[in-house]
Amino acid sequence: MKSKIIVTGGCGYIGSHTVIELIENDFEVVILDDLSNSTEKTLERIHKVTGVTPAFANIDLKNETETNKVFVAHNDAKGVIHFAAHKAVGESVQEPIKYYKNNFYSLLNSLEAQSKNGINNFIFSSSATVYGTPETLPITEKNETQRPFSPYGNTKKIAEEILDDFTKSNEAFSAISLRYFNPIGAHSSGEIGELPSGIPNNLMPYITQIAAGVRDKLMVYGNDYPTKDGTPIRDYIHVVDLAKAHVIAIKRLLKNDQEKSLEFFNLGTGLGYSVLDVINTFESVTNSKLNYEITDRRAGDVPCLYASTDLAKEKLGWTAERELSDMISSSWKWEQNLRNESK
Ligand code: NAD
Ligand code: UD1
C-alpha cells in the first residue's frame, strides 16, 4: 500500500514540484491549500506530468476547526510536508500581522491536528534568511541564526523555535527543517513552474517576464557590494533538486533514520552567482538581450549567501544536480508556455 503524505501549500511553486516527485516515488498525496497564492489548475498540471490527480481540499489552515476535520479525514497519513505560508518579503514589512497570523496559525493548527491524529512526521519549509547576514561563508547549519530583516523571515526563525519546543515536548514527533537558498527553475516538461501574482519580487521571474515582453526593464539593486562585480551573490537552486530533497527527507522520517527529533539541513548548490552572472547566463542561454539598469540597493539585501552542502550530502545522501543554465532554460520554457496558454 502507498504511504499517504499531506502536502500543505501543494498547489504553490515548490509544493507542486514536490507533489510530482512524491507521486513519482509512489506516494499517495493529499494537497491542502486555500489557493491564496495559487490556482486549482495546478492539479491539472500535475496530472499532465504524472497521470495522477492528487486528492485536494481547499481549506485555510488558519481555520482550526477545518484543519482538524481534514486531518481526521486523513488520519491514515504518515507525514506532512508543510509549504503553506505567505512569502512576499516586502509585503510582510507593510503588513506584519497578516504574515504572523497566516504563517503561525497554519503551522500551529497543522502541528496540533496532525499530532492528535497520530501523524508524527513533519517537514518544514525554512529559508536561508534565518542566517541573517552571515559572518562566515559557506553557511553551515552550525552558523548562528539571527533575527531576519523582515517579518516574513522572522516567521521562519520563530517557526524553527516552535518546532524545537514541540519536538522536545512530544517524544513521538519528528521534524526536519529544510533551509532553502534561492529556488528558481521549473519542471523540464514546461508544464509547471512559478506563478508570481502581480509584479514579481524575485529576480528570476522578473527576468523571464522581461524577456517575454511583460515588463520593460530589470532594476539591478546595487553594484557597490563587496563582490567580484559589485552585485549580490546568491546560491540559486533548481526547484526540482529541491523537491527531490523533500522526498528523501520524508523517507528519512518514515524509516525513523533521523538522528535527532528536529534536524536542520541547508538546501543549496554550494555555488554563488552574482546578479550579473544570472543576467549574462540568461542572455547566453536564450540568445537574447535583457534591458536592465543599475539602481540603489534594496533594503535588507545581504551581499553574499551560499550554502555548505556537506551535511545534506552526508546525512541525506542528497546533492543538487542541476546547473544554473538548466535553471534558467527551464524557467524560460515555463514562461513561454504560460504566455502561449494565455493567448
Ligand atoms: P507559494 O506561494 O507558491 O506556495 C505556498 C502555497 O501555500 C500557495 O499555494 C498558497 O495558496 C498556500 N497557502 C498560503 N497560506 C495558506 C493557508 N493559510 N492555508 C492553506 N494554504 C495556504 O510559495 P513557494 O515559493 O512554493 O514557497 C513554499 C514554502 O517555501 C513557503 O513556506 C515559503 O515561505 C518557503 N520558502 C520559499 C522560498 C522561495 O524562494 N520560493 C525560499 C525559502 C522558503
Ligand atoms: C528573497 C528574500 C528572502 C526570501 C527569498 C525567497 C529579500 C531581502 N529576501 O531573497 O527573504 O527567502 O527571496 O522568497 O527580499 N534583484 C535585483 N532586481 C530585482 C530582484 C532581485 O537586482 O528586481 C537582486 C536582489 O538584490 C538579490 C538577487 O537579485 O541580490 C536575488 O533576489 P531575490 O530573487 O529577491 O532573492 P533574495 O533577495 O536572495
K.L.:
Phe166 vs Phe173 aromatic rings, parallel, tilted or perpendicular, using cut-offs 30° and 60°?
P.N.:
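It falls in the perpendicular class, over 60°.
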K.L.:
May I ask you to decide whether Asp257 forms a salt bridge with Arg252, counting only side-chain N to carboxylate O separations under 4.0 Å?
P.N.:
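Salt bridge flag = no for Arg252 with Asp257.
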K.L.:
Restricting to non-hydrogen atoms, name the atom on Ser331 and the atom on Ile184 that form the minimum distance, rounded to 0.1 Å.
P.N.:
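Smallest heavy-atom distance, with atoms named: OG-C, 4.4 Å.
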K.L.:
Please confirm whether the backbone N or O of Leu254 pairs with a side-chain atom of Asn121, one donor and one acceptor, at under 3.5 Å?
P.N.:
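Not a single qualifying donor-acceptor pair exists.
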K.L.:
Between Asn37 (side chain only) and Gly12 (backbone N and O only), is there a donor and an acceptor less than 3.5 Å apart?
P.N.:
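No: the side chain of Asn37 does not pair with the backbone of Gly12.
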K.L.:
Looking only at atom types and distance, does a side-chain atom of Tyr221 sit under 3.5 Å from a main-chain N or O of Asp301, one as donor and one as acceptor?
P.N.:
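Between the backbone of Asp301 and the side chain of Tyr221 there is no qualifying donor-acceptor contact (under 3.5 Å).
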K.L.:
Measure across Val70 and Ala57 and return the closest heavy-atom pair with its distance rounded to 0.1 Å.
P.N.:
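Nearest heavy atoms, Val70 then Ala57: CG2-CB, 3.9 Å.
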K.L.:
Donor-acceptor pair, Asp277 side chain versus Ser274 backbone, under 3.5 Å?
P.N.:
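Side chain of Asp277 to backbone of Ser274: a pair is present.
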K.L.:
Give a yes-or-no answer on whether the side chains of Asn223 and Thr231 include a donor-acceptor pair shorter than 3.5 Å.
P.N.:
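On atom types as modelled, these side chains do not qualify, holding no pair under 3.5 Å.
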K.L.:
Could you state the interatomic distance from CD1 (Ile81) to CG (Leu22), rounded to the nearest 0.5 Å?
P.N.:
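So the gap between those two atoms works out to 4.5 Å.
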K.L.:
I'd like to know whether Tyr131 forms a side chain to side chain contact (heavy atoms under 4.5 Å, CB included) with Glu141, so could you lay out the CA-CA distance, the side-chain angles of the two residues, the decisive distance to 0.1 Å, and finally the verdict.
P.N.:
CA-CA 9 Å; Tyr131 295 115; Glu141 291 77 355; 4.1 Å; yes
K.L.:
Does the pair Glu44/Lys48 count as a salt bridge with the N-to-O cut at 4.0 Å?
P.N.:
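So Glu44 does not pair with Lys48 through a salt bridge.
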K.L.:
Check the pair His238, Ser330 against side chain to side chain donor-acceptor pair (under 3.5 Å), reporting the backbone distance first and the verdict last.
P.N.:
CA-CA 9 Å; His238 198 299; Ser330 59; 3.2 Å; yes
K.L.:
Quick one: do Lys101 and Glu95 make a salt bridge, cutoff under 4.0 Å?
P.N.:
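No salt bridge links Lys101 with Glu95.
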K.L.:
Quick one: do Lys87 and Glu194 make a salt bridge, cutoff under 4.0 Å?
P.N.:
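Yes.
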K.L.:
Looking at Tyr225, is Arg297 sitting on its ring face, NZ or CZ under 6.0 Å from the six-membered ring centre and within 45 degrees of the normal?
P.N.:
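Yes, cation above the ring, under 6.0 Å and within 45°.
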K.L.:
Would you find a donor on one side and an acceptor on the other, under 3.5 Å apart, between the side chain of Asn117 and the backbone of Gln114?
P.N.:
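No, because the side chain of Asn117 does not come within donor-acceptor range (under 3.5 Å) of the backbone of Gln114.
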K.L.:
If I compare all heavy atoms of Leu61 with all of Ser110, which pair ends up nearest, and what's the gap?
P.N.:
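Taking every non-hydrogen atom into account, CD2-OG, 4.3 Å.
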K.L.:
Step through the shown structure and confirm whether more than 12 heavy atoms of other residues, nucleotides or ligands are within 6.0 Å of OH on Tyr100.
P.N.:
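Buried by this count: over 12 neighbours within 6.0 Å.
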K.L.:
Identify the heavy atoms of His74 and Ile119 that sit nearest to each other, and give their distance.
P.N.:
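Reported closest heavy-atom pair: O-CD1, 3.7 Å.
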K.L.:
List the atom of Asn266, the atom of Ala307, and the distance in Å for their closest heavy-atom pair.
P.N.:
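Residues Asn266 and Ala307, closest heavy atoms: CB-CB, 4.1 Å.
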K.L.:
Counting distance only, does the side-chain N/O of Asn25 pair as donor-acceptor with the main-chain N or O of Glu21 below 3.5 Å?
P.N.:
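Indeed, once roles are kept as given, a pair shorter than 3.5 Å links the two residues.
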K.L.:
Mark yes or no for whether Asn103, through its side chain, and Thr155, through its backbone, hold a donor-acceptor pair below 3.5 Å.
P.N.:
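Between the backbone of Thr155 and the side chain of Asn103 there is no qualifying donor-acceptor contact (under 3.5 Å).
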K.L.:
List the steps and the verdict of salt bridge (charged side-chain N to carboxylate O under 4.0 Å, His left out) for Lys168 and Glu161.
P.N.:
CA-CA 11 Å; Lys168 280 180 183 146; Glu161 291 164 3; over 6 Å; no
K.L.:
Are Glu160 and Lys156 ion-paired here, with the side-chain N under 4.0 Å from a carboxylate O?
P.N.:
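Salt bridge flag = no for Lys156 with Glu160.
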K.L.:
Return the orientation label for the Phe83 and His246 ring planes: parallel under 30°, perpendicular over 60°, tilted otherwise.
P.N.:
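Phe83 vs His246 ring planes: tilted.
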K.L.:
We want to know whether Tyr99 and Glu91 form a side-chain donor-acceptor pair, criterion being a heavy-atom distance below 3.5 angstrom.
P.N.:
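There is such a pair (donor and acceptor under 3.5 Å, judged by atom type) between the side chains of Tyr99 and Glu91.
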K.L.:
Check Lys289 with Glu283, please: is the shortest side-chain N to carboxylate O separation under 4.0 Å?
P.N.:
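Yes, Glu283 and Lys289 are salt-bridged.
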K.L.:
For residues Leu316 and Ile248, report the shortest heavy-atom separation together with the two atoms involved.
P.N.:
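Residues Leu316 and Ile248, closest heavy atoms: O-CG2, 3.3 Å.
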K.L.:
Counting distance only, does the side-chain N/O of Asn337 pair as donor-acceptor with the main-chain N or O of Gly190 below 3.5 Å?
P.N.:
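Yes, Asn337 side chain to Gly190 backbone: donor-acceptor pair under 3.5 Å.
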K.L.:
Cut-off 3.5 Å, side chains only: do Thr269 and Tyr236 have a donor facing an acceptor?
P.N.:
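Checked: Thr269/Tyr236 side chains show no N/O donor-acceptor pair below 3.5 Å.
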K.L.:
Do the ring centers of His82 and Phe122 come within less than 6.0 Å of each other?
P.N.:
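Ring-ring flag for His82/Phe122: true, centres closer than 6.0 Å.
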K.L.:
List the steps and the verdict of side chain to side chain contact (heavy atoms under 4.5 Å, CB included) for Arg45 and His187.
P.N.:
CA-CA 11 Å; Arg45 298 184 188 281; His187 193 266; over 6 Å; no
K.L.:
Would you check if the side chain of Ser308 reaches a backbone N or O of Thr140 as a donor-acceptor pair within less than 3.5 Å?
P.N.:
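No: the side chain of Ser308 does not pair with the backbone of Thr140.
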K.L.:
Would you please test Phe104 and Ile162 for side chain to side chain contact (heavy atoms under 4.5 Å, CB included) and show each step?
P.N.:
CA-CA 9 Å; Phe104 291 144; Ile162 291 171; 4.1 Å; yes
K.L.:
Output, in order, the C-alpha distance, side-chain angles, deciding distance and verdict of salt bridge (charged side-chain N to carboxylate O under 4.0 Å, His left out) for Glu24 and Lys244.
P.N.:
CA-CA 10 Å; Glu24 287 177 350; Lys244 287 178 185 293; 5.7 Å; no
K.L.:
Answer yes or no: is there a donor N or O on one side and an acceptor on the other, between the side chain of Asp241 and the main chain of Glu321, under 3.5 Å?
P.N.:
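Checking the backbone N and O of Glu321 against the side chain of Asp241, a donor-acceptor pair under 3.5 Å is found.
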K.L.:
Verify side chain to side chain contact (heavy atoms under 4.5 Å, CB included) between Tyr206 and Met219, making sure each step is shown before the conclusion.
P.N.:
CA-CA 10 Å; Tyr206 209 106; Met219 304 311 282; 5.8 Å; no
